[in-house]
**Student:** 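Below is one structure. I have some questions about it.
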Amino acid sequence: MSLFREVLALKKTYKMIFLCLLFFSFFVVLFANSQYNIKTLDLIEMAKKNEVVIEASGTDVNLTRKKNSFLVECWVKVVGNDICGIFVGLPDNNGFGFSLNDFDSLDFNITQASTSKSYDERIRVFVRTNLSSKEEIAKLGTQYKYHAVRIKADGNKVVPLTRFKVETWWEDMNRVPFELAYYDISNVSSIEFFFNEMPVLSPGKYSMSLSDLKISGKIINQNLLYKILTVLWLFVAALACVLYLIIKYKELKKLKGQAYRDSYVDLFNALGFELKYSKYIGKKTTVYRVKIINWQSLLRHFGLSTANHLLNEVIGKNAPRYRAEFYLSARLNENDLVFIKKGERFSEEIEKDFIDSLITSINIIGLGDLCLDVKVGVSEEISLPENKAIILERTEISIQSILNSKSFLQLYTNDVGREAEKKAHLESLIKVALKKDAFYLLYMPLYRASSKKIVGVEALLRCSLPELYSLSPEVYVSVAEETGLIRDIDFMVIEKALADFKIFELREDFTLSINISSKELLDTSFVHHFKERVLKSGISFEKLCLEITETFLLDIDATCIKTLSDIRSMGCRVSLDDFGTGYTSFQQLINFPADEIKIDKGFVSGIQNDKGYGAIVDSLILIADSYQYTIVAEGVETRDVYQLLTDKGCDLFQGYYISKPVSLNDIVVLSNKIEDGGL
């Protein structure tokens, strides 16, 4: 899991915890203030079960028990020596009495009546507590402590237990010191209801009715609850602040890390590479530079997301095997990776395994098995240079040296470096030649044996720049393809050939063939630019033929097929040059939108030798007939070869037997000469 996901998960977790606490607090407060939070001891009901004793107190008293009430009647004859009331004895808990600490109020319904006109209608309610300490009992000489409250006996009463105060008469009678005169209802033995005058001071009949006698309290103490919730939420707030700082720290660290890490693959990016590189300067290392050659193809066919997913799967699957070997692993750009290994180069076996791990197929759901095509440049460094551009240049040179070969890996050497310098020099010369307009065209005639006429020409590139004049065009064209200059050359050739072709009056069936780099077919804009130039020249598309080398078919894709189809749809023909050298399959040939194939001169020149070349040429001609392609034999240099090919059914020829490459003006002269006197 990435750090971003971890932080996101933390946020979700904290949010969930916060919401749970919030709902918990809400429901606890709601419960605490509801009727469900009330606990009640019904002393009347308990008396029915003999769990509570209810008796009358006084000398001449009568206690009448009704269904849910008690009535006590007293006849006071001698004043100042009698009391009248109801005694409620609570359950005895092994001599410790009954605790009312968890209760809040005493609830009851009480009424009184008296024949004494001087009675004030008040009732005194006692809570009698057992003294639990032997020291207190010994010191006070009594076992009980009295708490009391005075009320008017006129119906329902709810008396908070906190309203009960220690009776002063008890303090006075027992000379209770201050430290023992504290409120205590933890060990209650009884609750007693008496007429306020104790003893009764007026003679007469007194009666007291007591019902609905209950002790009520909260299951959850609200004051304690609010204190706990206050402390809890203060703690939550403090914790939230701490967690907020932790999350922000992680996010900041993540953002900082993102600046140095690739967004899709677990590697440093170019910025991270630059930052970390300095740590290893001066160390003995081996630098492996990996270029993903088919990256653009992956993007075209499957999109950026799939290409990155494939790379991520490859790195994720194989990185743990080599992670310990590398000081630094980075993705410099989309298709460019670099790994700086500790110490010496991998052994040949491990190096092969490393490359295999990069090109192993990965199954992508819905797409099947996909793989990377890579080239690896290696540079062994006794001391890693301070300037990282040095190692990047060396590994880049190594990769470029095998770009058009089947090799996967190349070690940088002085020879490789010199070859790169040579290419760089050629690149600079090509730029000079383009700037000075030093390129020009010669034309190789195309001869048709059946009509004994020159029916077309192939434009061939040449250069008047002294440094390039003696070189084969194939040398600097290949460099131009590698360096991206081929586009300028191709369109320069097209424009010059069209201009030359327009100057001379040639027969209606005369065709112009132009070689273009196969790389042009990878550019979807080529068709537009080509069409624009042809229309501007005024030359018919039917007179034109574009030639592509057969080896290109090995890497052809849907984009290239569409480009060729668009070219043919305009009326321009397509020729497959150097046929027989690219190991083209029949299936490729069926799907390839071409009109013509040209037999490579290597087969043509070897046809006189009895080494199988004749059979190969026969096969190529048969293939052309089967697929209804026009066939051209290149490199015909002698009459004997020409005659052999004619006997085999070949009708179109190019080569020094007909003519070497010449100017278009000379082609016109040669064409007239052949029409008049033959070859």
**Student:** Return yes if some donor-acceptor pair links the side-chain N/O of Lys601 with the main-chain N/O of Gln654 below 3.5 Å, else return no.
**Tutor:** no

**Student:** Look up atom CD1 in Ile567 and atom CG in Leu546, then write down how far apart they are to the nearest 0.5 Å.
**Tutor:** 5.0 Å

**Student:** Measuring from Tyr280:OH to Leu328:CG, what's the distance to the nearest 0.5 Å?
**Tutor:** 6.0 Å

**Student:** Any donor-acceptor pair under 3.5 Å linking the side chain of Asn335 with the backbone of Gln296?
**Tutor:** no

**Student:** Which label fits Phe326 and Phe346: parallel for a plane angle under 30°, tilted from 30 to 60°, or perpendicular past 60°?
**Tutor:** perpendicular

**Student:** Give a yes or no on this: more than 12 heavy atoms of other residues, nucleotides or ligands lie within 6.0 Å of atom OH of Tyr469.
**Tutor:** no

**Student:** Over 60° means perpendicular and under 30° means parallel, so tell me whether Phe491 and His529 are parallel, tilted or perpendicular.
**Tutor:** perpendicular

**Student:** Got a sec, which pairs hit salt bridge (charged side-chain N to carboxylate O under 4.0 Å, His left out) with one end in residues 284-294, sequence neighbours left out?
**Tutor:** Lys284-Glu344, Arg289-Asp336, Arg289-Glu396, Lys291-Glu396

**Student:** Should the pair Lys388 and Phe273 be classed as cation-pi, given the thresholds of under 6.0 Å to the six-membered ring centre and 45° from the axis?
**Tutor:** no

**Student:** For the backbone of Glu334 and the side chain of Arg331, can you confirm whether one donor and one acceptor N or O come within less than 3.5 Å of each other?
**Tutor:** yes

**Student:** Could you report the tightest heavy-atom contact between Ile399 and Gly377, atom names first, then the distance?
**Tutor:** CG1-N, 3.3 Å

**Student:** Decide if atom CD1 of Ile382 counts as having more than 12 heavy atoms of other residues, nucleotides or ligands within a radius under 6.0 Å.
**Tutor:** no

**Student:** For residues Ser575 and Glu596, is any side-chain donor paired with an opposing acceptor at under 3.5 Å?
**Tutor:** yes

**Student:** Closest heavy-atom contact between Leu384 and Thr285?
**Tutor:** CD1-OG1, 3.3 Å

**Student:** Tell me, please, which residues at least two apart from Phe268 pass ring-ring contact (aromatic ring centres under 6.0 Å, His included).
**Tutor:** none

**Student:** Verify the ring-centre separation between Tyr447 and Tyr657: is it less than 6.0 angstrom?
**Tutor:** no

**Student:** Filter on salt bridge (charged side-chain N to carboxylate O under 4.0 Å, His left out), then keep only pairs touching residues 359-383, sequence neighbours left out; what's left?
**Tutor:** Glu381-Arg394

**Student:** If every non-hydrogen atom of Ser398 is compared with every non-hydrogen atom of Val416, which pair is closest and at what distance?
**Tutor:** CA-CG1, 4.1 Å

**Student:** Any Lys/Arg nitrogen of Arg487 or Glu520 sitting under 4.0 Å from an Asp/Glu carboxylate oxygen of the other?
**Tutor:** yes

**Student:** Salt bridge (charged side-chain N to carboxylate O under 4.0 Å, His left out): which pairs involve residues 414-428, sequence neighbours left out?
**Tutor:** Asp415-Arg418, Lys423-Glu482, Glu427-Lys431

**Student:** Using the test ring-ring contact (aromatic ring centres under 6.0 Å, His included), find all partners of Phe501 that sit at least two apart in sequence or belong to another chain.
**Tutor:** none

**Student:** Please confirm whether Tyr322 and Phe339 have ring centers closer than 6.0 angstrom.
**Tutor:** no

**Student:** Could you state the interatomic distance from CD1 (Ile340) to OH (Tyr327), rounded to the nearest 0.5 Å?
**Tutor:** 10.0 Å

**Student:** Enter the distance from Leu304:CG to Phe302:CZ here, rounded to the nearest 0.5 Å.
**Tutor:** 14.0 Å

**Student:** Are the side chain of Asn294 and the backbone of Leu372 linked by a donor-acceptor contact shorter than 3.5 Å?
**Tutor:** no

**Student:** Any salt bridge between Asp500 and Lys496, counting N to O under 4.0 Å?
**Tutor:** no

**Student:** Rounded to the nearest 0.5 Å, how far does CD of Glu274 lie from CG of Asn269?
**Tutor:** 10.5 Å

**Student:** Under the ring-ring contact (aromatic ring centres under 6.0 Å, His included) rule, collect the residues that match up with Phe653, sequence neighbours excluded.
**Tutor:** Tyr642

**Student:** Return the OG1 to CD1 distance between Thr306 and Ile364, rounded to the nearest 0.5 Å.
**Tutor:** 7.0 Å

